[in-house]
Amino acid sequence: AAAILISPFDLKYPLNDRLLYPLYGVCELLKKTVIVHGSMHFWRESYMWHGQPQYVDEIAVDFPELKIIVSHGGYGFGSQILAVAQRHPSVYLEFSALDPIFVDPAFLYAANTYLSKKCIFGTDYPFVDFSVAIKRWEKVLRKDVLESFFRQNLLDALFKAPDVS
């Protein structure tokens, strides 16, 4: 596998819980990307704060070579995650299950400019139709970032060594 998924909502403890640190350490050592559910979750049987952006920042500080993909682009916690992605070369934002017409304009601006190499397309298939999602994102993204958003950034997040210099 090129990546593993960690969902703090299923685990019922936060992303920065020290119980997860051995797993983060092994993934960093093996150069495996970690996908974290770092967004608000609508499941009411778990605390929504388990995926807050500051936890992603803590993990990225403690594991600087660990590549982290934040699923759903940090939705629900405001633009803090944009600062985390900008600050850490190894943090990417993935936008599955999000219709761009409901995405905060700050995220669209970031995807089109200063974070254009760190934003990744996703659909949450089969819940979201691929073709519909692609067309909606194509309407809000600049033409020169489409290849990165739809393909290259994911490949970089999974296979390219992070630039931690």
Side-chain angles (χ1 to χ4, degrees), residues 1-8 10 15 20 23-39 41 51 53 55-77 79-104 106-165:
I4 66 160
L5 171 66
I6 296 176
S7 175
D10 295 331
L15 286 173
L20 293 170
L23 182 59
Y24 294 139
V26 167
C27 288
E28 182 181 48
L29 183 67
L30 297 176
K31 304 202 182 317
K32 295 291 181 189
T33 301
V34 174
I35 302 168
V36 298
H37 195 292
S39 304
H41 200 284
Y55 299 153
V56 177
D57 181 63
E58 288 178 29
I59 297 162
V61 167
D62 293 341
F63 300 93
E65 294 187 30
L66 176 65
K67 290 190 287 181
I68 303 166
I69 297 174
V70 181
S71 65
H72 312 300
Y75 178 79
F77 293 118
S79 59
Q80 290 178 336
I81 196 65
L82 298 176
V84 175
Q86 185 178 19
R87 180 175 185 221
H88 298 287
S90 58
V91 174
Y92 295 79
L93 305 177
E94 177 269 318
F95 291 96
S96 63
L98 296 174
D99 188 321
I101 64 170
F102 299 114
V103 172
D104 184 311
F107 286 79
L108 298 178
Y109 178 77
N112 275 306
T113 59
Y114 69 98
L115 291 180
S116 66
K117 298 294 184 193
K118 309 209 55 203
C119 294
I120 298 169
F121 171 74
T123 66
D124 245 9
Y125 180 83
F127 304 110
V128 178
D129 183 288
F130 266 102
S131 60
V132 172
I134 289 170
K135 287 176 186 169
R136 289 182 177 166
W137 281 101
E138 285 176 335
K139 288 180 183 178
V140 298
L141 294 175
R142 293 184 351 215
K143 299 224 180 295
D144 62 317
V145 302
L146 292 176
E147 168 66 16
S148 295
F149 184 75
F150 287 118
R151 183 177 180 276
Q152 191 58 51
N153 294 346
L154 177 61
L155 294 174
D156 290 349
L158 294 176
F159 303 113
K160 184 179 175 187
D163 178 16
V164 293
S165 57

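Side-chain atoms are counted along with the backbone in the values below, which use heavy atoms only and exclude waters and symmetry mates.
Considering only heavy atoms from C-beta on, I69 stays 4.5 Å or farther from V36 through its side chain. In this structure, L115 and Q86 have side chains that are in contact, with non-hydrogen atoms separated by less than 4.5 Å. Using a 4.5 Å heavy-atom threshold, the side chains of F149 and I120 count as separate. I59 has its side chain within reach of Y24: a pair of non-hydrogen atoms, C-beta onward, lies under 4.5 Å apart.
Take D156 and apply the salt bridge (Lys or Arg N to Asp or Glu O under 4.0 Å) test, not counting sequence neighbours, and it matches no residue. By the side chain to side chain donor-acceptor pair (under 3.5 Å) test, N112 is found to be paired with no residue, residues two or more places apart in sequence or in another chain being considered. For Q80, the side chain to side chain donor-acceptor pair (under 3.5 Å) criterion is met by no residue, not counting sequence neighbours. Residues forming a side-chain contact (heavy atoms from CB on, under 4.5 Å) with A3 (at least two apart in sequence, or on another chain): T33, I35, L158. Partners of R151 under the side-chain contact (heavy atoms from CB on, under 4.5 Å) rule, at least two apart in sequence or in another chain, are E147, L155.
Remark: side-chain polar atoms of H72 are paired, donor with acceptor, to backbone N or O of S96 under 3.5 angstrom. Between the side chain of D57 and the main chain of V84, no donor-acceptor pair closer than 3.5 Å is present. Of the possible polar contacts, none joining the E65 side chain to the E28 backbone as a donor-acceptor pair under 3.5 Å is found. In this structure a side-chain-to-backbone donor-acceptor pair under 3.5 Å is present from K67 to A157. Listed for the S90 side chain is a donor-acceptor partner under 3.5 Å among the backbone atoms of L66.
Residue A133 comes nearest to V128 through the heavy atom pair CB-CG1, 4.0 Å, listed as atom of the first residue, atom of the second, then distance.
Ring pair F130/Y125 is tilted by interplanar angle, where 30° to 60° counts as tilted.
Here F150 and W137 keep their ring centres 6.0 angstrom or further from each other.
The number of heavy atoms from other shown groups lying within 6.0 Å of OH (Y114) is above 12.
Listed by first and then second residue, the salt bridge (charged side-chain N to carboxylate O under 4.0 Å, His left out) pairs involving residues 113-139 are D99-R136 (not counting sequence neighbours).
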